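Just below is one structure, and these are the notes that go with it.
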There are 2 protein chains.
Amino acid sequence: MGEISEFLNSHRPDGGRRSSKRDLIVNVFLRQEGHLSADDLVDLIHVENKEIGRATVYRALRWMVNGGIARKVDFGDGRFRYEHAYRHPKHFHLICQSCRKSSEFLSSDIESFIDEVSIERGFTVERTVVQIYGNCLACRDGNKNDTLELPTELVFARDALRIAIATERSGLQFYTRAALLTKDDRGRSVFRNLAKEEEEHLGTLEKRYAELVAEHPKLETYPTFLFFRGAADGIFAAGTEELEKGVDDREALLIGIRCERGSHEFFKKYGEKFEDSEGKQIFLEFADEEREHLELLQCEYQQLIDTLNKIDTT
Amino acid sequence: MGEISEFLNSHRPDGGRRSSKRDLIVNVFLRQEGHLSADDLVDLIHVENKEIGRATVYRALRWMVNGGIARKVDFGDGRFRYEHAYRHPKHFHLICQSCRKSSEFLSSDIESFIDEVSIERGFTVERTVVQIYGNCLACRDGNKNDTLELPTELVFARDALRIAIATERSGLQFYTRAALLTKDDRGRSVFRNLAKEEEEHLGTLEKRYAELVAEHPKLETYPTFLFFRGAADGIFAAGTEELEKGVDDREALLIGIRCERGSHEFFKKYGEKFEDSEGKQIFLEFADEEREHLELLQCEYQQLIDTLNKIDTT
DNA sequence: CTAGGTGCAAATAATTTGCAGAGGC
DNA sequence: GCCTCTGCAAATTATTTGCACCTAG
């Protein structure tokens, strides 16, 4: 629970005096998963202490929203819901209109299109709402209510690992192929080294993934949380395809740079979405590695250009 | 105004008796552009007739929402807004938090990602909300309130034409190139004919576009309403690139089929979004043309396969 | 004539606020 | 001791409803 109080300290708005009642409200709230209405929370609080008034709960909720501990969401049925932000990144919602349950997802692609639209309109984005209303699978084929819920941070970590693994695999393939196709000795050894690194890291990631699902077997079949189309066959897949068109060493380096940059940016962005947790760590470690590769390639590219210029002038 | 009453007739829910008061409410409502709160509408109604009660306006709004004449939207500030559906497809919103104005957009890509997520989760979609909250350009750099608003149907028509033109251009390029690369005489004439058709149609579309912007000069610089990344260099652009990799006649046909199908589906989908209007017509005409091309190519492909089989067995 | 539309006033429902008192620092 | 938190009850806000009356078909 030390981590939670650390989280609370960093998210306390204004000098905010502490009070045992508010502490109780915040604690009960953080223990819940999912989306509570103010009234749901009042009921939960009253189980532990009947002396706490509705207004206090409302005030505590407003205080939490201001400090970023809670997020206020609106499913359009006249009351607001609240979800806590502890180890829970901003996300989008699927809302079932028959059972009123909501499930969550993230889509890197939707986010990037939203950015594109906002830029075109010169709009500064503060907050984005994506809600899909309809009917869930459970409601349609006879309410099998096996709605086991895994903590989002675990599912996020799983998706992070899957995407990282796919990226490493395609990276390995890319550098292996590039090493084969490269004419220049020095370039070949750069690509070979990178291939070796990708291979090693791939092993680490696969082990980590195996451990994760061993500990939580339900994770394997749990629905996707983080959608990212580009990850299906790995970020380097398009690059490898390009290689086959017959590019020269310089172009191969550029393709590598492009892929590493894309993957670095992706993992950095999603790493930052998460209050510290397994998922965040995986993403940020990966982002770091990709940045190192990127720098290595960029340096190599610069040297190649310099060499070519020297040849040109002699 | 005949078209409006036709629209009303097709959207009248339950036997719905007609009444002069409700007629007035509906008429005033349909004359507005943008998003009104119930109270805004009450005020507007009271300008023309003070004898109409708030409850009646609320009842009329509910009646319109049931019949699909109006859509109820929720910008999260505690009151609902209403927008009419006449010549106005379902869309997404950018909502400025300082001036409370909202602007609209459509993104084919976001819609397709939403479909993807829904399918993965086995979710049947009824309604989709995408809202971007933040600050608009006008609010940020000193409120130049030159907020001229063009009717959505015009902007939609413009975007339809732009996308259609880009598609025709890339189609023309594709078929021209394919005709050059084709070895088989018969195949070459098919591609050549298609190229000719694309060229003719391109001319028609460009004329139509020129007429549209001549009539409404502000259209040229009005912000994009329909975002579609694939349209930037035309739906056939990727296909043309593939051609250059050196494909055989059969593959060229398949690429053509794929492109025509994609373009047919895109234009059909967006054509259907619109209550009859200029934009709808452009989209559906275009969808039709692409379907014809598609059928032609499919037929040609079948004959090619048959011929190959015959050669194979002799 | 009668189902449905209408105005008014009262009801509802979620949330906020005023105020007097309690409690942390 | 001061400032903030708290409970209670009253206020607020958007919307809906009950009911007596009116109107179109």
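Chain letters run A, B, ... following the sequence lines, proteins first, then strands; residues in each count from 1. Every value quoted in this text rests on a predicted model; they were computed, and no experiment measured them.
Distance A:Trp63 CH2 to D:dT4 C1': 13 Å, rounded to the nearest Å. At whole-Å resolution of the value, CG in B:Asp43 and P in D:dA14 are 12 Å apart. With rounding to whole Å, B:Leu24 atom CG is found 17 Å from D:dT23 atom C1'. Separating the CG atom of B:Asp74 from the P atom of D:dA14 is a distance of 13 Å, rounded to the nearest angstrom. For B:Ile25 and C:dT6, the CD1 to P distance is 6 Å, given to the nearest whole Å. Distance, B:Lys50 NZ to C:dC8 P: 12 Å, rounded to whole Å. To the nearest angstrom, P of C:dA22 lies 17 Å from CD1 of A:Ile52. The distance between atom CD of A:Glu51 and atom C1' of C:dA22, rounded to the nearest whole Å, is 13 Å.
A side-chain donor from one of A:His88 and A:Glu104 sits under 3.5 Å from a side-chain acceptor of the other. Side-chain contact, A:His93 with A:Ser102: no donor N or O sits under 3.5 Å from an acceptor N or O. Side chain to side chain, A:Arg121 and B:Ser103 meet the donor-acceptor criterion of an N or O pair below 3.5 Å.
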- Contact pattern, 5' to 3', of nucleotides 11-18 of chain C - B, S or - by protein heavy atom under 4.0 Å: ---SBBBB
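Between B:Ala160 and B:Phe267 the shortest heavy-atom distance is O-CE2, 4.2 Å. Across all their heavy atoms, B:Arg162 and B:Glu220 have their closest contact at NH2-O, 3.0 Å.
Nearer to the 5' terminus of DNA chain D, by closest-nucleotide assignment, is the contact made by A:Ser20 (compared with the other of B:Asp77 and A:Ser20).
Around CD of B:Glu149, the count of heavy atoms belonging to other residues, nucleotides or ligands within 6.0 Å does not exceed 12.
A close approach under 4.0 Å does occur between a side-chain nitrogen or oxygen of A:Ser19 and OP1 or OP2 of D:dT6.
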